[in-house]
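Structure first, then comments.
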Amino acid sequence: MIEGVVRKGEYEWELPVGFIPGMHVPGRFFLSDELTKTLEEGALQQLAHVATMPGIIHNSLAMPDIHWGYGFPIGGVAAFEYETGVISPGGVGFDINCGVRLLTTPLKPSDLAQKKEILDNLFDAVPVGVGARSSLRLSEKQLEKMMTDGARFAVAEGYGNSDDITHCEEQGRMKEADPAHVSRKARSRGVPQSGTLGAGNHFLEIQVVEEIYDEEAARTFGVEQGQVCMMVHCGSRGLGHQVCTDHLQVLEHAVSKYHIQLPDKQLACAPLTSPEGKAYFGGMAAAANYAWANRQIITHQIRSVLTRMSGIGYDDIRLVYDVAHNVAKIEEHEIDGKTRKVCVHRKGATRAFGPKCPDVPADYTHVGQPVIIPGSMGSSSYLLKGTDVAMNRTFGSTCHGAGRVLSRSQAKKKIQGKNIRETLGRAGIMVKAPHDGAIAEEAPDAYKSSSEVVSVVHNLGLSRLVARLEPLGVIKG
DNA sequence: ATGTTC
């Protein structure tokens with residue numbers, strides 16, 4: 001382990017205050033011995049950097065999928081006191097509300113004789129790849145509604161049902177969204193991209209529930225062994241990226257205006273109560289809502305294909321839940337016995353609210369919030385549940401996925417996409433992508449093991465395993 | 001992640 005890090009338990013490590021100058025709180029991160037082998041020193045430095053920011057409380061936290069990111073580490077969680085703290089785009093990431101949703105179907109794998117045709121139809125119905133454009137032509141007014149109403153906009157337009165809304169984090173809509181802080185350029189990127197999947201690690205998968213770990217929670221979430229499911233992983237596309245870019249520029253100036261000392265320019269931020277901080281938050285929430293609506297529109301396309309191809313009903317395809325992996329939220333948390341209003345930044349981290357917490361859907365509240373962890377291409381995905389331990393220790397947060405071990409360029413150099421496609425094909429997993437390079441970048445070997453990451457948060461109790469899902473067919477952007 | 005270095 002890197003010098004200066006203190007071991008606190010089987011899966012826990014601390015960066016003491018003083019690891020670098022100016023830290024207000026300790027850093028704390030969660031790794032198994034196996035995962036410490038892939039820890040990047042740069043990511044740990046970033047965890048320490050975050051601990052120097054104004055108003056941070058409790059700990060600068062990182063989940064076991066920690067890796068190097070823009071300013072803040074990916075896998076990072078940081079909460080700032082509302083009155084004295086800051087908000088930072090680096091703590092959210094460029095893909096605002098990159099997230100994932102899980103749908104159940106009444107189908108069994110044996111009902112998928114036409115799997116290739118289903119995948120072909122899904123590939124035609126959901127535009128994928130960098131710069132993908134959809135056939136939907138949103139008006140300016142519709143885009144505005146998409147940004148203020150999120151998943152509700154999509155459902156109001158006929159792309160879903162009311163259960164879909166109650167089964168989204170935030171009911172698919174942050175009320176603080178303010179489209180006035182979304183630039184003309186961001187809007188022009190958003191208009192043609194509604195209902196598109198995007199690229200990189202974004203995917204649409206046909207999966208099967210392979211193992212149940214927690215019968216009661218699985219039953220509550222409507223998930224059964226042997227059931228065919230659909231998983232959607234995507235975000236706010238070019239619109240969210242542009243919101244991040246635009247506000248970073250403003251906030252770089254705000255840093256000197258508000259006399260904030262930072263160890264890295266990429267931590268650009270502003271006080272939560274400042275006009276600049278509020279503007280970013282309003283724009284970020286608008287982009288988050290765009291992402292929820294985007295996943296909702298894609299859900300409708302999936303339902304349309306499956307009802308046409310397999311004869312099941314539209315409402316037989318149920319949304320289990322939809323979680324955000326990249327977002328900042330105003331929440332109340334109890335710290336040292338006192339309830340504090342804080343802005344929780346989760347960047348490559350999942351909210352994991354426990355039983356009886358606000359915003360957990362009524363039909364799930366006795367169990368806790370569903371947590372959805374996608375695997376890398378061709379590997380297991382997991383369904384977990386939120387816990388009281390997460391509420392007490394990590395502002396109700398857990399990991400988000402596997403985390404890279406090879407950069408995109410390293411992966412493309414080392415790995416042949418065609419070979420991956422053939423190997424997965426032999427295992428019965430069909431892959432469709434715009435080109436083989438997209439497959440190489442996202443090859444399983446480019447990522448840490450998602451099962452190792454998930455076992456750490458399960459063992460710590462930051463969330464608890466409910467079910468494991470395995471891919472049957474993959475559409476990659 | 002991203003009209004993949006406006």
Side-chain angles (χ1 to χ4, degrees), chain A residues 43 46 65-76 88-100 126-134 137-138 143 182-204 232-250 252 266 283-284 286-288 290-292 294-295 298 323-328 345-350 374 376-377 400-413 417 433-443 446-447 475-477:
Chain A
Q46 291 185 320
D65 43 357
I66 180 173
H67 60 119
W68 185 87
Y70 183 92
F72 288 53
I74 296 160
S88 173
V92 171
F94 275 82
D95 191 5
I96 295 164
N97 192 6
C98 179
V100 55
V126 182
V128 302
V130 175
R133 298 163 76 93
S134 77
R137 293 302 302 182
L138 290 186
L143 180 70
V182 178
S183 67
R184 181 165 295 279
K185 192 173 178 183
R187 289 165 193 248
S188 73
R189 293 179 72 174
V191 164
Q193 294 187 333
S194 67
T196 66
L197 193 70
N201 66 357
H202 290 165
F203 67 73
L204 192 173
V232 182
H233 182 201
C234 67
S236 52
R237 311 286 290 109
L239 182 140
H241 195 276
Q242 192 65 46
V243 166
C244 182
T245 303
D246 292 339
H247 285 269
L248 271 173
Q249 206 172 10
V250 175
E252 279 167 16
Q266 293 186 353
M284 180 217 71
Y290 179 97
W292 270 307
N294 195 34
R295 291 195 286 275
I298 291 170
V323 292
H325 285 164
N326 283 3
V327 83
H345 294 61
R346 297 189 182 90
K347 179 189 195 176
T350 314
S376 55
M377 183 174 53
H400 87 306
R404 279 193 169 274
V405 289
L406 293 179
S407 71
R408 290 175 193 286
S409 54
Q410 283 173 322
K412 270 199 282 201
K413 217 178 281 178
H435 52 89
D436 282 345
I439 298 176
E441 285 184 9
E442 300 303 320
Y447 284 86
I475 289 174
K476 291 298 305 178

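All chains are named by letter (A, B, ...) in the order of the sequence lines, taking the proteins before the strands, and each is independently numbered beginning at 1.
Here B:dT2 presents its P atom at 16 Å from CG of A:Asp246, a figure rounded to the nearest Å. The interatomic distance linking A:Phe94 (CZ) with B:dT4 (P) rounds to 13 Å, in whole Å. At whole-Å resolution of the value, CG in A:Leu197 and P in B:dT2 are 9 Å apart. At whole-Å resolution of the value, NE2 in A:His247 and C1' in B:dT2 are 17 Å apart. B:dT5 atom P lies 11 Å from atom CZ of A:Arg408, rounded to whole Å. B:dT2 atom C1' lies 14 Å from atom CG of A:Asn294, rounded to whole Å. Separating the CG atom of A:Leu248 from the P atom of B:dT2 is a distance of 16 Å, rounded to the nearest angstrom. If you measure from atom CG of A:Asp95 to atom C1' of B:dT4, you get 14 Å, rounded to the nearest angstrom.
Residue A:Glu441 is out of contact with every strand shown, counting any heavy-atom pair closer than 4.0 Å. When heavy atoms are screened at a 4.0 angstrom cut-off, A:Lys185 is found touching base atoms of the nucleic acid.
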Candidate pair A:Lys476 and A:Glu441, rule salt bridge (charged side-chain N to carboxylate O under 4.0 Å, His left out), full reasoning: CA-CA 10 Å; A:Lys476 291 298 305 178; A:Glu441 285 184 9; over 6 Å; no

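For the side chain to side chain contact (heavy atoms under 4.5 Å, CB included) test, residues two or more places apart in sequence or in another chain that qualify with A:Ile74 are A:His67, A:Lys347, A:His400. A:His241 meets the ring-ring contact (aromatic ring centres under 6.0 Å, His included) test with A:Phe94; sequence neighbours excluded.
In terms of position along DNA chain B, the nucleotide closest to A:Gly200 lies nearer the 5' end than the nucleotide closest to the other residue of the pair A:His435 and A:Gly200.
Looking at every heavy atom in both residues, A:Gly417 comes nearest to A:Ile439 through O-CG2, 3.7 Å.
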